[in-house]
Protein chains: 2
Amino acid sequence: MGSNVTLKHIAEVLDVSAMTVSRALNDRDNVDEKTKQRIREKAKSMGYTPNRVAKSLVSRKTHTIGVVIPEITHAFFPEVVRGIEEVVYNSGYQLFLTNANEQFEREKEAIETLRAQRVDGLLVSSSLTREDYAFYKKIIEGGAKVVFFDRCIENIGASCVSVNDRESSQKITEHLILEHNYSKIAHLSGPQKVSIGRERLQGFLDAMNAQDIPINKDWIVQAGFREDTGYEAMWNLLQDHADNLPEAVVALNDPTAIGAIDAIQEFGLSVPEDIAIVGFTDDIRSSLLDPPLTTVHQPAYEIGEKAAEKLIQTIEEEDPEVEKIEVPTRLQIRSSCGCSSDQIHTD
Amino acid sequence: MGSNVTLKHIAEVLDVSAMTVSRALNDRDNVDEKTKQRIREKAKSMGYTPNRVAKSLVSRKTHTIGVVIPEITHAFFPEVVRGIEEVVYNSGYQLFLTNANEQFEREKEAIETLRAQRVDGLLVSSSLTREDYAFYKKIIEGGAKVVFFDRCIENIGASCVSVNDRESSQKITEHLILEHNYSKIAHLSGPQKVSIGRERLQGFLDAMNAQDIPINKDWIVQAGFREDTGYEAMWNLLQDHADNLPEAVVALNDPTAIGAIDAIQEFGLSVPEDIAIVGFTDDIRSSLLDPPLTTVHQPAYEIGEKAAEKLIQTIEEEDPEVEKIEVPTRLQIRSSCGCSSDQIHTD
DNA sequence: TTGTTATATGTTAACGATAACATTTCTACT
DNA sequence: AGTAGAAATGTTATCGTTAACATATAACAA
């Protein structure tokens, strides 16, 4: 792959030194204009493609960025990747994409490979589900340029781009409490070792506490990140507490909410009449559900852009600031929370 | 990025030659077991990561594959990428992902960069919309390993993985004709320079001809690939031919169909009562639409797997066969075609 | 003409790893 | 002890490009 023509070949044919060819093709000064012309033409006709591998070995830059995401099917991530792509492309970098499939082992391996590949920087949304920050700590201390997005690992010297999960989660919970007067509210939560799992649970609790609503621990259940795990968690909740069901459910993300809606309907109850439900993400499907899902709209594309910009800055600047960047969300009110379509508003 | 420890550093510390270190870390024979141990330990404690850039320069292999897709938001492609990822990961390769955004210029640039990067092979679904095969012809003749998927460019020496677009399109059109007795059928087609655009139109025509149904050229309109272009094309059709509307529409893919449904409903007509519609893809949203969309289910994940397998074979084998691989589709009957939910069956 | 700058080009070494060949150090056996 | 042969280690050159330094040619002034 790549052409097999090298500087040397061109040099031999034209009877000049490889260095002159290099200079000519990089349009440096100190090369006779006629020589340049000759070299450029010959390079083109011979189908020369510069070998970036060799160039990288010398320059110690690969103009390459590694992206690690935990899921590629959850529509949120492709949209983030689109944002990243756009920025990165315009800055002359290439993307290595790796999908860790929610497995931290795989994430670690991917990162090792990416580093061996000498990527200039890493954009990661971690699948980490236990408190094993040592891995990241080590590579960041070793000088790796890392920016986390969505699922952040904080206080280890890397910047992070995400939404304000805690506040957003509080807001949507308060919508349930203040607009609909629900007080029996459940939470389908994420793994507590993942930042969004923690933060969104905290936001839920903040809302409950702020409104002085007692918290029923039986109604706070671990539900993973996907449709199937959401379905299962909701189904168990319905089974185990059939005598005392919540009026509303706050799901940690839309796929989970989608699974939960299935479970509720299959259980013979209806949404939102028997149980209202809200999500978090604003998945591409959410407006199409029956009922349409009330959720927190997360600007995925923008998260990608911001993360990529921050990473490139981190790579290129002398002494980059470590930042926690928050991009604003908005409530996307639809009808799964109990709002009728004419009272729908956004906040 | 990457550690800055090299073989040489380790060698100096241990007072052996770099070669011995190389041999030890690659677990070659002819290195004393004790020395190996010493070297491995030191390498670990110094945080050594082999520099693949240097390795690649010597071996002329990067263990890297470039993927070029035309859209990343159309859910079909992330799913294909997941299939690719799985295969590629298990074979020890890494993925470079590039999104060409339906722009051929961008696709070309991406491929140039990827080749300069010396990827071992290329997986591409082309955004090509004019007859400019010269570009691919040249690089394939130059020895590049390329496998096309979904949107193929044929007869230029590269393998290709896709569904049987023509036959599938014919089948779903015949469903409209034979099961529902529609004869006034429109087609929202794709660019004719893209293989799927041509093939799916052909399949539509095959069905019409096979059933002896006259074709109304006004009802065959170019509709791009996306929701917005589908909406626009359908809207224009409705406006321009309000006096003589089709009873059914065959859209070249689901996003187009989704846009078209919006247009029809906004126009004040209902689906499928006034106009029935079918798509092609089986997008993640299609079962959630109102009405749920009848479509051709395309096994995206499998297409990805097959394409990746074929590429790796093409890279690694001596004298790889150029193949056209077709993966089977199935009709996914839902109700947008006029089937009532109890008569839904698959074929 | 001679010397002095520019300008154009060439040479060498380096990036980090490894293949190919060369050398040293063991082991084992007469 | 002496030596063949295996085992362990070292040296050199290479992959393709470029930085840093060196040299050759041209252009110009005195």
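Just so it is clear, the model here is predicted, and its values are computed rather than measured. Just so we're on the same page: letters track the sequence lines, and every chain starts at 1.
For B:Arg60, the listed nucleotide lying nearest its side chain is D:dC15; candidates were C:dG16, D:dC15, D:dT18.
Summarising the geometry, the separation between CG on B:Asn51 and P on C:dA14 is reported as 18 Å, rounded to the nearest angstrom. Rounding to whole angstrom units, CD of residue B:Glu33 and C1' of D:dA7 are separated by 13 Å. Going from atom CZ of B:Arg52 over to atom C1' of D:dC15 covers 17 Å, rounded to whole Å. Note: CZ (B:Arg118) to P (D:dC15) measures 14 Å, nearest angstrom.
Under a cutoff of 6.0 Å and an axis angle of 45°, A:Arg40 and A:Tyr48 do not form a cation-pi pair. Annotation: cation-pi geometry satisfied between A:Lys108 and A:Phe135 (NZ/CZ under 6.0 angstrom from ring centroid, within 45° of ring axis).
Salt bridge A:Glu141/A:Lys137: absent, no basic N to carboxylate O contact under 4.0 Å. With salt bridges taken as basic N to acidic carboxylate O contacts below 4.0 Å, one links B:Glu86 and A:Arg106.
Contacts with DNA chain D (heavy atom under 4.0 Å) in residues 7-32 of chain A: A:Leu7, A:Met19, A:Ser22, A:Asn26, A:Arg28, listed by number. Applying a 4.0 Å cut-off to non-hydrogen atoms, none of the residues of residues 35-47 of chain A approaches DNA chain D.
At least one side-chain heavy atom of A:Asp150 sits under 4.5 Å from a side-chain heavy atom of A:Phe77. B:Val87 places none of its side-chain heavy atoms less than 4.5 Å from the side chain of B:Leu311.
In this structure, B:Lys55 does not reach the C:dG16 phosphate: none of its side-chain N or O atoms is under 4.0 Å from OP1 or OP2.
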Please lay out, stage by stage, how A:Glu102 and A:Arg151 fare under the test salt bridge (charged side-chain N to carboxylate O under 4.0 Å, His left out). CA-CA 12 Å; A:Glu102 300 286 7; A:Arg151 307 201 193 159; 3.0 Å; yes

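For the atom pair CD1 (B:Ile153) and CD1 (B:Ile140), the distance works out to 7.5 Å, reported to the nearest 0.5 Å.
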